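Worksheet: one structure, shown below.
The model shown is predicted, which means the values in this text are computed figures rather than measured ones.
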Amino acid sequence: MRYVLLLLAAGSLGAQSLQFDFTSGKPAPGFRKVPPATLYSDQTGYGFEDAAAQPPFYFSVRVPEDGNYKVTVTLGDPAAESVTTIKAELRRLMLERVRVPAGKIETREFLVNVRTPKIPGGAEVRLKDREKTVEARAWDRRLTLEFTDAHPAVRTVRWRTPATSPPSTSPAIRLPPTSRAKPYNSWGQMLPRFFKPKVAIANHGESGESLRGFLGENRWAKLLTTLRPGDYVLIQMGHNDQKETGAGIGAFTSYRTDLKRFVADTRQHGATPVLITPMHRLTFGAEGKIVNSLGDYPEAVRQTAREENAALIDLNAMSELFYEALGPADAHLAFAGTDTTHHDSYGS
C-alpha cells in the first residue's frame, strides 16, 4: 500500500453556498427542496446518483473548481433514533455512526477536498482505467456524499464554495497512493473521521503505485500545485517499489533518492514532510510472529528520516504489534477477504 498525504493549511472557504433540504416539509428560506426521486443531471448540477431504496444513498453536487469545501449537515428523525455514517468521494470517512435521539437534531461540519486530473499549464494526471470508471468519484468535478448505516437521517446539507472568503488556516492531508474500492480500504480514507472540521484531508492515494510511478504519472506534480506553507505531506510507499527491478533500483538507492526528493520538494513549498514506513503484510511465521516481507524498504524510510531530520511515523512497527495482538487466527479480520496486503474498513 502506498500513500502520499498532504495536510494543507491553505484553502479559502467562500461565502457562496448551496443548500439542500431532504425533509418532507416546506424547505427553509434559501434551501432547495430535494425529493427522493431527484437524480443527478448536468443541467441541475445536483441530485442522487441512483434511485436506491435502501442505504447507501449517494448525493452529488457539481463544484466549480478544485479545492476544500466546507459541508454542514443536520441529522435527525422526528419519529425514531437515527444512526448516520457519512463518507465523501471515494469512501473517505467523514462521520462515523452519529446517533441522534428521536425528535432531536444535530449539526456537524467537515471539509471535503475535490480535485480533477488537470494541472495548471496543460498537463494532466495519467489515470488508470479504473480511476475513470469504478473510482471516478476520486477525480470528477462532483462533490459526492454517501449516506449510510442502520437508519441514516440527513435533513439538510450545505456546501460552501472555496472562492471568495479570506484564506483559512485549515490544514489538509493529501495522499499518494492507496485508495481502494469496497471491500478494500486504506488508512488514508479513514483519516478525516479523526480530525476536527478545520482540517481538510486531500487523499491522493491510488493502489498499485510506487514513488517512481507517482512521479511519472504526474501525481506528485498535481499535489505540488495545491501545496501551501503550513501544510503537511504524509508519505508512505514501499510495497510496489519493492517489486521494481533494473540497474540501480533498490531500497537504499533509487527509493531513498526519490524519498529525499519528496522531502525537498515539500519543504521548498513551505510544507512539512512526514515519512511513514510501510505496514507489514499478513505474514506470520511458525512461532506466531510477523515475518518481514518488505526487505530493506522500511529501514530505508527510517534512515532517510534520520538523514533529512524529517518526522517519522513507524507504521511498520505499529502494524506488527497490531497483527500479533490479534494473533494468527484473527489477524485476517483486518484484511479484505483473503487478501494479505490490503485492509478492510476495520483494519484501516
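Partner of Asn292 under the side chain to side chain contact (heavy atoms under 4.5 Å, CB included) criterion, chosen from Glu299, His280, Arg281, Glu320: His280.
Atom CG of Asn240 sits about 12.5 Å away from atom CZ of Arg212, to the nearest 0.5 Å.
A donor and an acceptor atom, one from each side chain of Thr74 and Thr107, are nowhere located under 3.5 Å apart. If you check the side chains of Ser345 and Asn185, you find a donor sitting under 3.5 Å from an acceptor. Using a 3.5 Å distance cut-off with no hydrogens or angles, the side chains of Asn316 and Arg302 do pair a donor with an acceptor. In the model, Thr277 has a side-chain atom that pairs as donor or acceptor with a side-chain atom of Asp314 under 3.5 Å. No side-chain donor-acceptor contact under 3.5 Å links Gln19 and Thr156. Glu49 and Ser60 share a side-chain donor-acceptor pair at under 3.5 Å.
Using a 4.0 Å cut-off between charged side-chain N and carboxylate O, Arg126 and Glu124 make no salt bridge. Between Lys26 and Asp21, none of the side-chain N atoms (NZ, or NE/NH1/NH2) sits under 4.0 Å from a carboxylate O, so this pair counts as no salt bridge.
Taking the side chain as every heavy atom from C-beta outward, His151 and Asp77 approach each other to under 4.5 Å. Between Asp149 and Thr84 the shortest side-chain heavy-atom distance does not fall below 4.5 Å. Residues Glu308 and Gln303 fail the side-chain proximity criterion, which asks for heavy atoms closer than 4.5 Å.
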Let's go through Leu223 and Thr225 carefully: what are the C-alpha distance in whole Å and the side-chain angles of both, what is the deciding distance for side-chain contact (heavy atoms from CB on, under 4.5 Å) to 0.1 Å, and is it a yes or a no?
CA-CA 5 Å; Leu223 188 150; Thr225 65; over 6 Å; no

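More than 12 heavy atoms of other shown residues, nucleotides or ligands fall within 6.0 angstrom of atom NZ in Lys260.
Arg137 forms a cation-pi arrangement with Tyr58, by the criterion of a distance under 6.0 Å to the ring centre and an angle within 45° of the ring axis.
When hydrophobic side chains of Ile, Leu, Val, Met, Phe, Trp and Tyr are connected at separations under 4.5 Å, Leu294 ends up as a singleton with no cluster partners. Taking Ile, Leu, Val, Met, Phe, Trp and Tyr as members and joining any whose side-chain heavy atoms lie under 4.5 Å apart, directly or through other members, the hydrophobic cluster of Val125 also contains Ile119, Leu127, Trp139.
In this structure a side-chain-to-backbone donor-acceptor pair under 3.5 Å is present from Glu131 to Lys128.
Shown here for Tyr184 and Ala336, the closest heavy-atom pair between the two residues is CD2-CB, 3.5 Å.
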Hey, can you pull the donor-acceptor pairs under 3.5 Å for the side chains in residues 31-41, sequence neighbours left out?
{"unit_1": "Lys33", "atom_1": "NZ", "unit_2": "Thr23", "atom_2": "O", "d": "2.0"}
{"unit_1": "Lys33", "atom_1": "NZ", "unit_2": "Gly25", "atom_2": "O", "d": "2.5"}
{"unit_1": "Thr38", "atom_1": "OG1", "unit_2": "Pro35", "atom_2": "O", "d": "2.9"}
{"unit_1": "Ser41", "atom_1": "OG", "unit_2": "Thr44", "atom_2": "N", "d": "3.2"}
{"unit_1": "Ser41", "atom_1": "OG", "unit_2": "Thr44", "atom_2": "OG1", "d": "3.1"}

